[in-house]
Amino acid sequence: MTYDPQSWLKSSDDFNSDQLNFGSNNSEKELPLFDDEFMNQRNELLSVEYDPCAPSIDSHESPTIDTFLKEKPDPRKLETYISSLQKMIRPLSSEFKKKLSYDVICQLAHAILDGTVFEIVKGLQDIQFITEKNLYTQRTKLLEEHKMKKIAMLKRHQESIERSQSRPHHILVLERHHADEKKIFYQKCEKEMAQLDQKLLLELDQQVSDQQSTLERAGLPMFYLTNNPDEVRLQMYVLEFISKLIES
């Protein structure tokens, strides 16, 4: 629901400020309910045309003049964001351009206007960096373990062959045994690596879901829980755009 400030601001025209008298003595000078600055700000808001791209306000909130004055968007910053987003979208395929319509661009620009989404995205980027670094460390550690076990195994094979130099017929038996051991070892390494990669992928998928939920709660358009590759790619593009705006 998009709130129209004119509907409730205009209702104050029916209010008679002369009926209020602050003080117990009716002869005392009556104080005005609204000063000139307040009325000028009120009239300025009434002159603003209804903007369908404006951020929505939940119906349970009780809006005040201070709320609208505080949240009134900076037209120049808003136009800058809209223009920048339009430029970023141009290189995309027509499929993604259709989904990132002008209305969506307006909604994105409004969503990032107060800087809150920027802070959320930077926080998510930090979490992602730490998570990916941890996952990379886990994979590197397992690869190093496999490497050290392979070195130890080959060394043991070489020593056993050297000890059997006086028994050439036994060397052939050892070589067959070593070949079988290598095959089992490599299969075990591949299985352990596949299991770890599957675990890491699940952790990355969970991180994507967490990011989607966080940005959906923050009111960022295009974000919701999904594992559709095209939708996830679109969300990645939006995050890339926001990151560029953060850096600009």
For [X], does the [atom1] atom have more than 12 heavy-atom neighbours from other residues, nucleotides or ligands under 6.0 Å away?
X      : atom1 : value
Lys150 : NZ    : no
Tyr186 : OH    : yes
Lys97  : NZ    : yes

Practice prompt. Please check if Met236 and Tyr224 belong to a single hydrophobic cluster, counting links between Ile, Leu, Val, Met, Phe, Trp and Tyr side chain heavy atoms closer than 4.5 Å.
Written response: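 Per the 4.5 Å side-chain linkage, Met236 and Tyr224 are not co-clustered.
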Can you measure from [atom1] ([X]) to [atom2] ([Y]) and round to the nearest 0.5 angstrom?
X      : Y      : atom1 : atom2 : answer
Gln107 : Ser101 : CD    : OG    : 7.5 Å
Glu132 : Ile127 : CD    : CD1   : 12.0 Å
Asn134 : Phe129 : CG    : CZ    : 11.5 Å
Glu192 : Asp197 : CD    : CG    : 12.0 Å
His170 : Arg163 : NE2   : CZ    : 9.0 Å

Discussion item. Please enumerate all residues that pass salt bridge (Lys or Arg N to Asp or Glu O under 4.0 Å) together with Glu190, with sequence neighbours excluded.
Written reply: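 Glu190: no salt bridge (Lys or Arg N to Asp or Glu O under 4.0 Å) contacts found.
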Practice prompt. State whether Glu145 and Lys149 are salt-bridged, where the test is any N-O pair (Lys NZ or Arg NE/NH1/NH2 against Asp/Glu carboxylate O) under 4.0 Å.
Written response: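 No.
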Worksheet entry | Basic-acidic side-chain contact under 4.0 Å: Lys122, Glu119 |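 A salt bridge is present here (some side-chain N lies under 4.0 Å from a carboxylate O).
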Practice prompt. Write down the atom of His146, the atom of Cys189, and the distance for their closest heavy-atom approach.
Written response: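 Heavy atoms of His146 and Cys189 come nearest at CE1-O, 3.3 Å.
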Worksheet item: Can you find a pair of side-chain heavy atoms, one from Glu95 and one from Asp230, that are under 4.5 Å apart?
Response: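 Yes, side chains in contact.
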Fill in: Aromatic ring pairing Phe118/Tyr81, orientation class (parallel under 30°, perpendicular over 60°, tilted between)
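Perpendicular.
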